[in-house]
Amino acid sequence: LLKIGLTGGIASGKTTVSKLLAEKGVPVIDADVLGWRTYEPGTKTFAEVVAAFGDDLVAQDGTIDRKVLGGRVFGKPDEMKRLTDIVWPGIRELAGQELERLESAGERTALLEAAVLIEADWLDLVDEVWVTVVDPLVARERLMQRNGWSAEEADARINSQLTNQERLAHAGVVIENDGSLAELERAVEEAWAALQARRNGSA
Ligand code: ACO
């Protein structure tokens, strides 16, 4: 099993790249979804998150209201660290289990999409890292359009993340996404074809 870690900044097209690779039959593990699973009601992590951030996180239906939790941690590095110290070990464990399951199932390739793969120091979970890259000014435009944010809000989120340069230091494969969806599709086709060529070469 070749394990690919896919990471990239906000509005860099990570999720679209995941979808395109899923269409090629690659099983995708979404670390955001695993993260939400770690604090479902009844789990130890649920209790830890509520103890750390307060009972008012709990919605009517008994789940943790992620919008409320997000409001407490985004843009507040100390609070975000408090949350990720609680949840990352569990997410990592679930991701490892999923990768093992895919390996046992005889899959040839798996993709782990994780926004903060590098920050969490999870590089050892994967064999190669693919990074989606977008110019910060293009990311700002996309966030203003897609999320309805002001330029200041967009810049604040972009500036709170690693820079493209910092991510590129870990990248085996770089997917540039400053242009159209058609251009992104072409870039993914090329990366995929290059991967097949590398694997056939080394087989
Ligand atoms: N640091 C930076 N960005 C993060 C983090 C984090 N710790 N956690 C999530 N994000 C990103 C998501 O990847 C997503 O990015 P994208 O728009 O580029 O895809 C964006 O923030 C929104 O995240 P959602 O989970 O979709 O937002 P939601 O409002 O449902 O929940 C919350 C927000 C509560 C903060 C939730 O994201 C969370 O519990 N985060 C902590 C767990 C974590 O770090 N998850 C990321 C995957 S694990 C990893 O990559 C190592």
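Both counts, for ligands and for their atoms, begin at 1 and track the order of listing.
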Looking only at protein heavy atoms, identify the closest one to [atom] and say how far it is in Å.
{"atom": "atom 50 (O) of ligand 1", "value": "V116 N, 2.9 Å"}
{"atom": "atom 22 (C) of ligand 1", "value": "F74 CZ, 4.2 Å"}
{"atom": "atom 41 (C) of ligand 1", "value": "L83 CD2, 3.8 Å"}
{"atom": "atom 31 (O) of ligand 1", "value": "R66 CB, 3.6 Å"}
{"atom": "atom 42 (C) of ligand 1", "value": "V87 CG2, 3.7 Å"}
{"atom": "atom 38 (C) of ligand 1", "value": "Y39 OH, 3.5 Å"}
{"atom": "atom 19 (O) of ligand 1", "value": "K14 NZ, 3.9 Å"}
{"atom": "atom 43 (C) of ligand 1", "value": "W88 NE1, 3.6 Å"}

What do we get for [X] next to ligand 1 when only non-hydrogen atoms under 4.0 Å count, side chain, backbone, both or neither?
{"X": "L34", "result": "neither"}
{"X": "A120", "result": "side chain"}
{"X": "R92", "result": "neither"}

### Query
Can you check whether a protein heavy atom sits less than 4.0 angstrom from atom 7 (N) of ligand 1?
yes
### G35 touching ligand 1 at heavy-atom level, < 4.0 angstrom
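No heavy atom of G35 comes that close to ligand 1.
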Show me which atoms of ligand 1 lie under 4.0 Å from any heavy atom of [X].
{"X": "D32", "result": "9 (C), 12 (C), 13 (O), 14 (C), 45 (N), 46 (C), 47 (C)"}
{"X": "T84", "result": "7 (N), 44 (O)"}
{"X": "V73", "result": "35 (C)"}
{"X": "I10", "result": "18 (O)"}
{"X": "A114", "result": "49 (C), 50 (O)"}
{"X": "A31", "result": "47 (C), 48 (S)"}
{"X": "K67", "result": "28 (P), 29 (O)"}

Note: [X]-[Y] ion pair, threshold 4.0 Å (strictly below):
{"X": "E48", "Y": "R82", "result": "no"}
{"X": "E98", "Y": "R101", "result": "yes"}
{"X": "R92", "Y": "D124", "result": "yes"}

### Message
Is the shortest side-chain heavy-atom distance between V26 and I4 below 4.5 Å?
### Response
no
### Query
Just wondering, more than 12 heavy atoms not from Q145 lying within 6.0 Å of its CD?
no
#### Entry: Over 12 foreign heavy atoms within 6.0 Å of CG, N147
yes
### Task
Give a yes/no verdict on a cation-pi contact between R157 and W149, requiring under 6.0 Å between NZ or CZ and the six-membered ring centre and an angle within 45° of the axis.
no
### Task
Look only at interatomic distance and state if W36 has a nitrogen or oxygen under 3.5 Å from any nitrogen or oxygen of ligand 1.
yes
### Task
State whether the shortest distance between N or O atoms of W122 and N or O atoms of ligand 1 falls below 3.5 angstrom.
no
Whether the side chain of [X] engages the backbone of [Y] through a donor-acceptor N/O pair (distance < 3.5 Å, no angle test) should be reported.
{"X": "K81", "Y": "K76", "value": "no"}
{"X": "N177", "Y": "V134", "value": "no"}
{"X": "E107", "Y": "P27", "value": "no"}
{"X": "S160", "Y": "G75", "value": "no"}

#### Entry: Partner of T45 under side chain to side chain contact (heavy atoms under 4.5 Å, CB included), chosen from V50, V87, I91
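The passing option is V87.
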### Message
Can you tell me which residue among N164, T132, T7, D178 is in a side chain to side chain donor-acceptor pair (under 3.5 Å) with S12?
### Response
T132
